[in-house]
Amino acid sequence: MNKYLLKLYIAGRSPRSERAIANLQRICDEQLGDQYEMMIIDVLERPELAENEKILATPTLIKQLPPPLRRIIGDLSDIEKVLIGLDLLP
Amino acid sequence: MNYSAETIIELHKLLEERNQELQTSEARFRNIINRNADGIIVVDKNGIVQFINPAAENLFDRSAEELRGELFGFPLVTGETTELDIFRKGGETAVAEMRTVVTEWEGEFAYLAMLRNITERKLAEQQLRLFEASIAHLHETVVITQATPLDELGPRIAFVNTAFEHMTGYSREEVIGKSPRFLQGPKTDLLALERIRQAQLAWQPIHEELINYTKEGKEYWVELDISPINDERGSATYFVAIERDITERKQAEEAIKKLAAFPRFNPNPVLELERDGTLTFYNAAALQVAHALGKQQPAAILPPEVTHLIEECLSTGDSRLGLEITIGNRTLSWSFFPIMSSQVVHAYAFDITERLNLEAQFRQSQKMESVGQLAGGVAHDFNNILTTIQGYTDLILLSDNLDTELVEQLTQISVAAERAANLTHQLLAFSRRQVMQPKQLDLNEVISNVTKMLRRILGENITLQFNYQPSLPRVRADEGMVGQIIMSLAVNARDAMARGGQLVISTSLMEIDDNYIQSHLEALPGQYICLSVSDTGCGMDTETQLRIFEPFFTTKEVGKGTGLGLSTVYGIVKQHQGWVEVNSQVDVGSTFKVFLPSYTKPSSVQARESNRAEVIGGNETILVVEDESSVRALVRNILQRYGYRVLEAASGREALLAWEIHKNQIDLLLTDLVMPGDVGGLDLVEQLHQQQPDLKVIYTSGYSAEIVGEKIAFYEGLNLLSKPYTPTMLAQAVRACLDR
Ligand SMILES: Nc1ncnc2c1ncn2[C@@H]1O[C@H](COP(=O)(O)OP(=O)(O)OP(=O)(O)O)[C@@H](O)[C@H]1O
Ligand SMILES: [Mg+2]
């Protein structure tokens with residue numbers, strides 16, 4: 001089974017970031033079991049990564065693997081929309 | 001289908017119009033989008049930026065050219081807005097609120113995201129939350145009141161923080177909408193409240209300290225700052241009051257004030273000095289004492305070595321106590337205490353002049369007392385010896401047919417003995433053992449009686465002035481003794497004014513109170529007649545003044561003064577329950593003041609003038625009681641010579657025995673007042689008077705201490721003979737007594 005590699009870009013530990021992290025955690029737990037790897041990148045701490053990925057706004061969630069690469073922006077509170085956006089709906 | 005050209009033209013026209021319309025509406029639409037304050041960004045189905053309006057360019061700090069074709073990602077479409085952190089080109093971030101709708105772009109499915117820059121709003125919110133949290137957690141009480149209405153009740157409370165609830169005990173709900181009046185109470189300063197009201201009326205900030213009351217009625221001190229708060233348009237809408245509980249500070253202030261009163265109201269000088277000697281505090285007493293001593297500055301009454309003392313105190317941490325310094329005629333005792341924490345020294349002074357004076361006076365009187373006892377003791381024995389010498393000499397001289405040469409020699413002995421007797425007499429006077437014959441006297445009269453003699457003694461160069469207080473109460477005193485006092489003092493004054501001057505003798509009535517006694521050890525309260533003898537002579541230094549009353553103390557050349565004058569005065573005055581004060585300054589003069597108690601008791605029988613008539617003998621039987629055998633033998637001889645029958649006894653007991661045997665024959669008892677053994681003169685007389693109340697008695701004595709205070713009245717020459725007495729005096733007294 002393919003593992004998912006998810007990268008969440010956030011900006012500092014603001015309530016917005018916390019909300020996004022919590023939502024993503026929930027989605028992964030509920031939908032992906034242990035088949036995922038999740039990276040949380042604070043662009044304030046690692047600005048060069050944001051630069052590389054050309055992150056324009058956070059929270060930005062990138063599904064790196066499996067292809068196709070998907071990128072969604074928002075606080076991830078609407079699970080269904082997130083799943084659609086990530087191309088994860090069966 | 002065929003269309004006519006017209007139709008085509010018509011259609012074409014229509015199409016043109018439509019196109020025109022469409023273009024116009026698109027332009028209008030673009031215009032709206034371009035001018036929109038919100039950023040608009042269109043992302044295609046791959047998440048690539050297709051369109052971006054100027055507001056969005058601004059938000060991202062990137063141009064449309066830069067952004068078009070970039071991967072933005074799919075903005076999540078939700079019913080709600082989401083907040084995003086936007087990365088601007090410069091590296092700063094902004095906060096945007098995003099709302100996404102699904103749209104169509106060039107015929108394809110696309111997303112349109114509207115981004116509203118809410119960075120400032122967020123910042124403001126954050127700040128507000130910070131303020132809220134701060135106010136909530138503040139220890140200080142915060143009370144926000146509405147600016148209006150500003151009526152009599154004052155502004156109404158719009159907000160209080162938790163600290164307010166804790167401090168006052170009122171809950172927020174209880175106080176909102178009320179005037180903060182309910183915090184005030186009986187001790188709240190009305191003037192402060194009025195100042196607050198005035199400040200509020202003038203929209204001015206104000207700082208005050210007030211007493212407020214908790215819900216339970218406990219009072220507490222607050223320090224409050226009230227500031228008006230202006231809205232954007234600049235008009236005051238609220239007052240914010242920040243209040244701090246300063247009860248502890250107030251209490252500490254009170255305590256400090258109270259403590260500060262201690263040095264301030266201390267009647268003795270209190271000073272504070274810094275290490276270099278700078279005076280940092282002095283109390284009113286310090287200034288007062290300085291002024292009294294003729295100094296301008298309180299520092300001038302400090303010991304001269306004060307800087308050294310301070311240095312020593314501060315470097316050792318030890319205090320220095322009881323340092324005495326004399327300024328003018330006052331002596332101050334200084335104590336220095338280092339206060340290490342503030343590196344200052346506290347100095348306390350105490351005026352010990354009075355105490356030192358009293359101590360000196362006490363030492364003086366102790367000395368006089370012991371010298372007096374010694375002198376008295378010697379004089380007493382001496383009197384017995386002199387009585388014998390003089391008696392026998394006189395007795396022989398009374399014999400007939402004496403060789404003229406022998407008479408000459410015996411006369412020499414008699415004169416010498418008399419001189420010796422005078423000396424002992426003076427000594428006895430000093431030791432207060434002279435027999436005193438007090439009478440009620442007008443001191444003014446006594447003085448005028450001796451005036452003639454005084455003028456003769458003083459000579460031409462000394463003017464004599466009197467200052468009588470008229471109608472003085474009488475004194476109970478021995479006139480001869482008082483005369484002696486005046487003469488002694490006058491002679492001394494004369495001697496002090498070798499080149500002339502003025503002698504002033506005054507009398508005055510003085511009421512001696514407890515206050516006076518405080519500073520005069522020998523004084524007693526009551527009414528006194530003061531006899532003052534004042535001269536403008538050479539005066540005396542302090543050392544001399546301390547010794548003048550000592551017997552044989554004299555500064556006069558040998559032969560001129562014996563040093564007994566003032567000792568005698570002292571003794572006499574003491575014997576009269578009075579005292580002497582001296583005031584003298586070298587080269588200015590001296591004043592001697594003699595205080596004698598005024599006599600207030602009812603007048604008693606005056607002593608009858610003793611009869612100086614011719615000495616007559618008799619043949620009566622006389623019991624002579626005398627412990628000193630030589631005196632006894634002399635008395636027997638004298639009395640026998642005058643024809644009397646003499647019975648002898650050496651003690652009171654022997655006298656009682658003699659009485660048992662000869663009681664019916666004895667006409668007169670001549671007894672020494674003071675004798676060794678259990679029966680003294682007075683006891684003897686008392687016992688014999690029980691058996692024979694009219695028994696005639698003559699006491700002999702050189703010892704008046706016992707006479708003072710006795711119930712019996714003694715009259716020299718009548719029932720009393722002072723030793724040494726001459727045979728004539730004895731014979732006269734015996735006859736007078738028998739004939740009474
Ligand atoms: N008015 C005075 N002015 C200055 N010194 C005085 C005065 N009165 C007494 N003194 C001093 O006190 C001393 C003692 O006086 P005091 O009368 O006891 O003895 P005296 O005068 O020396 O001798 P005396 O009185 O026995 O002849 C004097 O020698 C003198 O030094
Ligand atoms: Mg004298």
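Every value quoted in this text rests on a predicted model; they were computed, and no experiment measured them. Below, read A as the first sequence line, B as the second, and so on, with proteins coming before strands; counting in each chain starts at 1.
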Hey, can you dump all donor-acceptor pairs under 3.5 Å between chain B and chain A, distances included?
unit_1  : atom_1 : unit_2  : atom_2 : d
B:Phe74 : N      : A:Arg71 : O      : 2.6
B:Phe74 : O      : A:Ile73 : N      : 2.7
B:Leu76 : N      : A:Ile73 : O      : 2.9
B:Val77 : O      : A:Lys81 : NZ     : 3.2
B:Glu83 : OE1    : A:Arg16 : NH1    : 3.0
B:Asp85 : N      : A:Thr58 : O      : 2.7
B:Asp85 : O      : A:Thr58 : N      : 2.7
B:Asp85 : OD1    : A:Arg16 : NH2    : 3.0
B:Asp85 : OD2    : A:Arg16 : NE     : 3.3
B:Phe87 : N      : A:Leu56 : O      : 2.8

Residue part contacting chain B, namely of [X], when any heavy atom lies under 4.5 Å:
X: A:Pro47; answer: neither
X: A:Ile62; answer: neither
X: A:Leu61; answer: neither

(message) Which heavy atom of A:Ala57 sits nearest to which heavy atom of B:Leu84, and what is that distance?
(response) CB-CD1, 4.1 Å

For residues 172-179 of chain B, which side-chain donor-acceptor pairs fall under 3.5 Å, sequence neighbours excluded?
unit_1   : atom_1 : unit_2   : atom_2 : d
B:Arg172 : NE     : B:Val160 : O      : 2.9
B:Arg172 : NH2    : B:Val160 : O      : 3.2
B:Glu174 : OE1    : B:Ser171 : N      : 2.8
B:Glu174 : OE1    : B:Ser171 : OG     : 3.3
B:Glu174 : OE1    : B:Lys215 : NZ     : 3.3
B:Glu174 : OE2    : B:Lys215 : NZ     : 2.7
B:Lys178 : NZ     : B:Glu174 : O      : 2.6
B:Ser179 : OG     : B:Leu153 : O      : 2.5
B:Ser179 : OG     : B:Arg181 : N      : 3.1

So what's closer than 4.5 Å to chain A heavy atoms on [X]: side chain, backbone, both or neither?
X: B:Phe72; result: both
X: B:Val95; result: side chain
X: B:Leu67; result: side chain

(request) For each of A:Gly12, A:Pro68, A:Gly74, A:Ala20, tally heavy-atom pairs with chain B at distances under 4.5 Å, and name the one with the top tally. (result)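 Sorted descending by pairs with chain B, the first entry is A:Gly74.
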
(request) Kindly check if the number of other-residue, nucleotide or ligand heavy atoms within 6.0 Å of NE2 (B:His207) is above 12? (result) yes

(request) Using a cut-off of 6.0 Å, state whether more than 12 heavy atoms not belonging to B:Tyr238 lie near its atom OH. (result)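 Open.
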
(message) Can you tell me how far apart CG (B:Leu71) and CD1 (A:Ile55) are? Round to the nearest 0.5 Å.
(response)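 B:Leu71 CG to A:Ile55 CD1: 8.5 Å, rounded to 0.5 Å.
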
(request) Find the distance between CD1 (B:Ile41) and CG (A:Leu56) and round it off to the nearest 0.5 Å. (result) 7.0 Å

(request) Please list, chain by chain and in numerical order, all residues satisfying salt bridge (Lys or Arg N to Asp or Glu O under 4.0 Å) with B:Arg18, sequence neighbours excluded. (result) B:Glu21

(request) Scan residues 158-167 of chain B for pairs that pass side-chain hydrogen bond (donor to acceptor under 3.5 Å, both in side chains), counting only residues two or more places apart or in two chains. (result) none

